[in-house]
Amino acid sequence: MLIVPEDKCREIVGREDAFKAVEGVFAAMARGDAYNFPVIREAIGHADALYGFKSGFDRAGLVLGLKSGGYWPGNEKRGLTNHQSTVFLFNADTGQPKAMVGGNYLTAVRTAAASAVSIKHLSRPDSKVLGMVGAGHQSAFQMRAAVEQRGFEKVVGWNYHPEMLSRLEETARDIGIDYESVDLDQLGAQADVIITITSSFAAILKAAQIRPGTHLACMGTDTKGKQEVEAELVAAATAFTDEVAQSVSIGECQHAIAARLIGESAITPIGDVINGKHPGRTSDDEITLFDGTGVGLQDLAVADVAVQNAVTRGLAISVDM
Ligand code: NAD
């Protein structure tokens, strides 16, 4: 079995690798070649932790495995990341363990790749201003991946905790793109593409704040009860997602579904757009919304790339099982 430690993943899996892997697996899911197994997530009654598994099988790429991990709120005080995850891959022919891969960096880069895939396939090609709602750990990864998809000239940012906005400003400066902190009305009025990446449990963006033609990538809502945009905004948009089953239960669309503003059939897997089965955006005035719930197959896809790249560069550790 091979081990690819967390600290090696950053140097061997770049944004382009993650983008290709995530776009490919979304397409495979929509073709029926890859599927996710039911998610397990439990409060374990120790250390206030949430722990679980996301797993699946990509029959086309023969990638089988799971991501195990969760959220330990006390970790920061110990100098550790609160979100902890590890990916395990298995030989699809024999069931033998194939690799254990650090999953913390890979989670961030695969989540950013998902919204970037949506921007490539759904945003207006002439998009110039990127709006960022959220300034936590994921936000910098999101911004870096997004700006590579369109000729963005400016980033506008808002965060519930204003003291965290320096992360957006510093990331934009590092990229070399203009940045302005704004209120939500200004953000909606200026942005062509908006990424939401917060842990909010109440709608932040209202339908009235969004211009026709905007593309939204809603990436923060990955649990029952979380919410980043008004259900009316989801209903006003053409909705796409990584996986419909997760979108209606734990994703941003859960609230519009519960309020009966939309039905499940109104949500399209983005893989259908990638595969040319759905046209995606059909006019410059259409509001498109990608509900990025985060699926196990994304984790397996980027972990598989990490293993391949680690082997090529002689960075994988081999152990006998
Ligand atoms: P973080 O803890 O570093 O940052 C949290 C962010 O949420 C900050 O911007 C904070 O200001 C904001 N926030 C906190 N409470 C809020 C409130 N009441 N109202 C509005 N905003 C609030 O977290 P992170 O690692 O950046 O993750 C952000 C979110 O993305 C989390 O909800 C996480 O579960 C989710 N996530 C989703 C995926 C996916 O695949 N879709 C993957 C990873 C993380």
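Indexing begins at 1, ligand by ligand and atom by atom, following the structure's order. In this text the structure is predicted, and so the values were computed from the model without any measurement.
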[atom]: the protein heavy-atom neighbour that sits closest, reported with distance to 0.1 Å:
| atom | result |
| --- | --- |
| atom 36 (N) of ligand 1 | D222 OD2, 3.4 Å |
| atom 17 (C) of ligand 1 | Y160 CD2, 3.6 Å |
| atom 27 (O) of ligand 1 | Q138 CG, 3.4 Å |
| atom 40 (O) of ligand 1 | R110 NH1, 2.7 Å |
| atom 23 (O) of ligand 1 | H137 N, 4.4 Å |

Checking side chain to side chain donor-acceptor pair (under 3.5 Å) against H215, which of S115, S118, S127, S123 comes through?
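Filter result, single survivor: S118.
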
Next item on the list: Scan the protein's non-hydrogen atoms and note whether one is under 4.0 Å from atom 2 (O) of ligand 1.
Entry: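 So far as the 4.0 Å threshold goes, atom 2 (O) of ligand 1 is out of reach of every protein heavy atom.
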
Is a salt bridge present between [X] and [Y], judged by a nitrogen-to-oxygen distance below 4.0 Å?
| X | Y | value |
| --- | --- | --- |
| E23 | K120 | yes |
| R150 | D126 | no |
| D299 | K54 | no |

If you measure from atom 31 (C) of ligand 1 to every heavy atom of E163, E76, K226, which option wins on shortest distance?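 Among E163, E76, K226, the closest heavy atom to atom 31 (C) of ligand 1 belongs to K226.
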
| request: Would you tell me which option among H161, Q142, K54 has the nearest heavy-atom contact to atom 15 (N) of ligand 1? | output: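 Looking at heavy atoms only, H161 sits closest to atom 15 (N) of ligand 1.
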
N/O to N/O below 3.5 Å, does that happen between [X] and ligand 1?
| X | value |
| --- | --- |
| S199 | yes |
| G220 | yes |
| G134 | no |
| A135 | yes |
| S139 | no |

Practice problem: Answer yes or no: does atom CZ of F201 have more than 12 heavy-atom neighbours from other residues, nucleotides or ligands under 6.0 Å? | Solution: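 Above 12, so yes.
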
Requested in this report: May I ask you to list the atoms of ligand 1 that are less than 4.0 angstrom from any heavy atom of I204?
Outcome: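 Those atoms are 20 (C).
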
Counting from 1, what ligand 1 atoms have a heavy atom of N159 closer than 4.0 Å?
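Close to N159: 8 (C), 9 (O), 10 (C), 11 (O).
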
When you look for heavy atoms under 4.0 Å from ligand 1, do you find them on the side chain of T111, its backbone, both, or neither?
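T111 to ligand 1: side-chain contact only, backbone stays beyond 4.0 Å.
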
- Message: Test your reading of the model: is there a side-chain donor-acceptor pair from R41 to the backbone of F53, 3.5 Å cut-off?
- Response: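 Not confirmed, R41 side chain does not pair with F53 backbone.
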
Could you walk me through whether R211 and D192 satisfy the salt bridge (charged side-chain N to carboxylate O under 4.0 Å, His left out) test, starting with their C-alpha distance in whole Å, then the side-chain angles of each, then the deciding distance to 0.1 Å, before giving a yes or no? CA-CA 8 Å; R211 292 189 297 167; D192 302 299; 3.0 Å; yes

